[in-house]
Amino acid sequence: MKIIMLGAPGAGKGTQAKMIADKYQIPHISTGDIFRANIKNGTELGKEAKKYMDAGQLVPDELTVKLLLDRVANEDCKNGYVLDGFPRTIPQAEVLENALTKLGEKVDYAIDVDVPDENIIRRMSGRRACVACGATYHIVYNPTKEEGICDRCGAALILRDDDKPETVIKRLDVYHAQTQPLIDFYSSRNVLRSVDGTQDLMKVFEDIVAILDASEA
Ligand code: ADP
Ligand code: AMP
């Protein structure tokens, strides 16, 4: 099963993608996590990507597309995957579609996690991230057992540089201009499904599971 998570920054794509990956035993692939790992390791790609990320902009397609296509060509992706944060532009979606078409494959579901802009800034300022394992928490809505420490791996949590309110506002503008058109793109392919992302995160997950399991019935 090949699943794409759509939605504004902070809508809950990563939170849901991790739960989907666990339940359906498919890899969770987050281009944001891949960039952050590169930044942490001081690679050339990381240095280049950081300039755009800190400014709330998208990393150029030339740097992003090959990285993603290489990743989904890995052996662990043969039974599917859940993409979180890719595609973010129509050209990215077209490249993915062309690559899959050549293999006789397609995206099965594009799940739009719908959350209005008013809710996003509150979510982002409370988000805490683990750079070691990629887990994401919220100080109010999804707290860790011990404050500031990742439940999964025990590393210290951070507030992401790009989660500052002024950068979040820029990221929302970029989302509306460049990423939201993907909703129509996937709707025209008949694979779009929307869930109300303002609900409790377990209820959002239930709605997603109902969509995914309906296809297997
Ligand atoms: P995205 O991957 O779309 O940027 P995240 O999954 O990182 O978003 O979620 C953004 C923040 O909102 C995180 O702090 C997360 O714990 C919190 N969050 C996710 N889903 C919900 C929800 N349904 N209700 C409240 N907070 C949520
Ligand atoms: P995320 O972790 O998905 O919120 O992504 C954090 C940042 O990484 C984004 O604001 C972009 O700067 C960059 N990024 C992640 N995925 C992509 C993508 N598919 N295309 C362009 N930039 C991306």
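Atoms considered below: every heavy atom in the structure, side chains included; atoms not considered: hydrogens, waters and symmetry mates. Numbers here simply count residues along the sequence, with the first being 1. Just so it is clear, the model here is predicted, and its values are computed rather than measured. Whatever order the structure lists ligands and atoms in, that order sets their numbers, starting from 1.
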Just which atoms of ligand 1 are under 4.0 Å from any heavy atom in [X]?
| X | result |
| --- | --- |
| Ala8 | 3 (O) |
| Tyr141 | 25 (C), 26 (N) |
| Gly197 | 23 (N) |
| Tyr137 | 13 (C), 14 (O), 16 (O) |
| Gly14 | 1 (P), 2 (O), 6 (O) |

Nearest-contact summary for [atom] - protein heavy atom, Å:
| atom | answer |
| --- | --- |
| atom 15 (C) of ligand 1 | Thr15 OG1, 3.8 Å |
| atom 11 (C) of ligand 2 | Gln57 O, 3.6 Å |
| atom 8 (O) of ligand 1 | Gly12 N, 3.2 Å |
| atom 10 (O) of ligand 2 | Arg171 NE, 3.7 Å |
| atom 7 (O) of ligand 1 | Arg127 NH1, 2.6 Å |
| atom 17 (C) of ligand 1 | His138 CB, 4.0 Å |
| atom 4 (O) of ligand 1 | Gly10 N, 2.8 Å |
| atom 21 (C) of ligand 2 | Val59 O, 3.2 Å |

Out of Arg123, Arg122, Arg127, which one pairs with Asp163 under the salt bridge (charged side-chain N to carboxylate O under 4.0 Å, His left out) rule?
Arg127

Within the structure, does Leu58 bring an N/O atom to less than 3.5 angstrom of an N/O atom in ligand 2?
no

Any N/O pair Arg36/ligand 2 closer than 3.5 Å
yes

Decide yes or no on side chain to side chain contact (heavy atoms under 4.5 Å, CB included) for Leu45 and Leu63, but give the supporting numbers first.
CA-CA 8 Å; Leu45 172 66; Leu63 296 180; 4.2 Å; yes

Evaluate Asp22 against Lys18 for salt bridge (charged side-chain N to carboxylate O under 4.0 Å, His left out), listing each step before the verdict.
CA-CA 6 Å; Asp22 283 348; Lys18 286 183 192 80; over 6 Å; no

[X] neighbourhood, listing ligand 2 atoms whose heavy-atom distance to it stays under 4.0 Å:
| X | answer |
| --- | --- |
| Gly85 | 16 (N), 17 (C), 18 (C), 19 (N) |
| Gly32 | 2 (O), 5 (O), 15 (C), 16 (N) |
| Thr31 | 15 (C), 16 (N), 17 (C), 19 (N) |

For ligand 1, does [X] get within less than 4.0 Å through its side chain, its backbone, both, or neither, judged by non-hydrogen atoms?
| X | answer |
| --- | --- |
| Gln199 | backbone |
| Asp200 | backbone |
| Ala129 | neither |

Once you restrict to heavy atoms under 4.0 Å, what part of [X] touches ligand 2? Side chain, backbone, both or neither.
| X | answer |
| --- | --- |
| Asp162 | side chain |
| Arg160 | side chain |
| Thr64 | side chain |

Given the rule that I, L, V, M, F, W and Y join up when any side-chain heavy atoms are under 4.5 Å apart, are Phe205 and Ile3 in one cluster?
yes

Ignoring hydrogens, what is the shortest heavy-atom contact between [X] and [Y]? Give both atom names and the distance.
| X | Y | value |
| --- | --- | --- |
| Thr179 | Arg88 | OG1-O, 2.7 Å |
| Val140 | Pro143 | O-CD, 3.6 Å |
| Gln92 | Val65 | CG-CG2, 4.0 Å |
| Ala93 | Leu182 | CB-CD2, 3.6 Å |
| Gln199 | Asp207 | NE2-OD2, 2.9 Å |
| Tyr141 | Leu201 | O-CD2, 4.2 Å |

Keeping [X] on the side-chain end and [Y] on the backbone end, is there a donor-acceptor pair under 3.5 Å?
| X | Y | value |
| --- | --- | --- |
| Asn74 | Asp76 | no |
| Asp33 | Ile29 | no |
| Thr167 | Asp162 | no |
| Lys13 | Ala8 | yes |

Polar atom proximity, Ala11 to ligand 1 (N or O, under 3.5 Å)
yes

Give a yes/no verdict on a cation-pi contact between Arg189 and Phe185, requiring under 6.0 Å between NZ or CZ and the six-membered ring centre and an angle within 45° of the axis.
yes

I'd like the name of whichever of Arg122, Gln16, Met124, Arg123 reaches closest to atom 27 (C) of ligand 1 through any heavy atom.
Arg123

Taking atom 1 (P) of ligand 2 as the point of reference, which of Gln92, Met124, Gln178, Arg88 owns the nearest heavy atom?
Arg88

Could you go step by step and tell me if Arg128 and Thr144 meet the side chain to side chain contact (heavy atoms under 4.5 Å, CB included) rule?
CA-CA 9 Å; Arg128 295 293 178 272; Thr144 47; over 6 Å; no

